[in-house]
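Data first, discussion second: the structure below is written as structure tokens.
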Amino acid sequence: MPRFHCPLPLATGAQLTLPPTAARHVQVLRLQPGDAITLFDGRGGEYAATVTRMGRSDVDVEVGAHDPVEREAARAVHLVVGMPANERMDWLVEKATELGATSIQPIAAARSVLKLSGERATKRQAHWQAIAVSACEQCGRNRVPVVHAPMALSDWLRKDAPPQGTRLLLSLRAGSQPLRDAAGAEGDVWVLHGPEGGLTAQEEDAALAQGFAPASLGARVLRAETASVAALSQLVFG
């Protein structure tokens with residue numbers, strides 16, 4: 001059954017007009033009055049719904065029963081990622097959402113190819129958030145991960161480093177523990193890794209000074225987007 005994110009408060013019995021993005025998707029699928037769909041608002045669970053009217057650019061629905069089903073990971077994993085260039089960040093956001101990431105913080109580091117600021121950063125954040133929404137619609141998640149505004153790594157470490165939870169830095173430096181061992185068995189986990197070329201030694205030192213522990217995914221050098229997927233897979237399914 002088609003699933004759509006509806007960022008409006010949903011309640012059984014409500015009659016509402018779908019937001020423009022969801023309405024366009026319903027129209028693309030050529031659904032008709034009487035067709036059944038599933039809606040979720042990001043607050044938990046999902047709702048059965050029925051299309052009641054198809055306008056030229058708007059769609060009305062009646063909200064049915066609420067299903068409290070949850071498909072979230074057993075622990076919250078937050079990614080702090082050096083943004084890969086080109087379309088690789090799009091792929092990272094999509095796959096991280098499917099795998100269960102709780103939030104994604106894009107960062108710019110010394111070796112970053114992609115560096116964003118101002119209006120360009122705002123547009124790219126909105127683009128990535130829309131990718132996360134679409135991934136949730138596809139994979140069955142009912143809670144959309146937050147894609148934060150891009151920041152410089154130094155600013156993030158100084159202002160927004162997590163106040164609690166396990167902090168892990170993906171690193172090839174000697175003494176790094178295997179990721180699963182470093183993460184422990186429970187609690188929120190924050191995973192930081194660099195972009196193409198990785199973090200500099202100075203950037204790693206700055207992260208360690210903020211309480212991040214070096215963790216390893218093995219001896220091979222992974223692309224930034226591969227590192228995110230590999231880390232999530234170990235922490236969510238391990």
Not counting sequence neighbours, which residues clear salt bridge (charged side-chain N to carboxylate O under 4.0 Å, His left out) with [X]? List them please.
| X | answer |
| --- | --- |
| Arg53 | Asp58, Asp60 |
| Glu225 | Arg88 |
| Glu204 | Arg173 |
| Glu70 | Arg143 |

Mind checking who shares a hydrophobic cluster with [X], ILVMFWY linked at side-chain heavy-atom distances under 4.5 Å?
| X | value |
| --- | --- |
| Val133 | Phe40, Val144 |
| Leu153 | Val80, Ile107, Met151, Trp156, Leu157, Leu169, Trp190, Leu192, Leu199, Leu208, Phe212 |
| Val146 | none |

- Message: Any salt bridge linking Glu72 with Arg141? Criterion: basic side-chain nitrogen under 4.0 Å from a carboxylate oxygen.
- Response: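 Yes, Glu72 and Arg141 are salt-bridged.
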
- Presence of salt bridge, Arg3 and Glu46, under 4.0 angstrom: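 Looking at Glu46 and Arg3, the cut-off is met.
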
- Task: Apply side-chain contact (heavy atoms from CB on, under 4.5 Å) to Thr21 and list each qualifying residue two or more places apart in sequence or on a separate chain.
- Result: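 side-chain contact (heavy atoms from CB on, under 4.5 Å) check on Thr21 returns Arg24, His25.
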
- Query: Which residues pass the side-chain hydrogen bond (donor to acceptor under 3.5 Å, both in side chains) test with Arg56, sequence neighbours left out?
  - Reply: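 Partners of Arg56 by the side-chain hydrogen bond (donor to acceptor under 3.5 Å, both in side chains) criterion come out as none, since no residue qualifies.
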
- All side-chain hydrogen bond (donor to acceptor under 3.5 Å, both in side chains) counterparts of Thr122, not counting sequence neighbours: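 Expected list: none.
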
- Counterpart residues, ring pair (Phe, Tyr, Trp, His ring centres under 6.0 Å), relative to His66 (two or more places apart):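 Scan of His66 (ring pair (Phe, Tyr, Trp, His ring centres under 6.0 Å), adjacent residues dropped) gives Tyr47.
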
- With sequence neighbours left out, what residues match Phe4 under ring pair (Phe, Tyr, Trp, His ring centres under 6.0 Å)?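 Residues passing ring pair (Phe, Tyr, Trp, His ring centres under 6.0 Å) with Phe4: none at all.
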
- Message: In the structure I gave you, are the side-chain heavy atoms of Arg124 and Pro150 within less than 4.5 Å of one another anywhere?
- Response: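 Side chain of Arg124 against side chain of Pro150, heavy atoms only: no contact under 4.5 Å found.
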
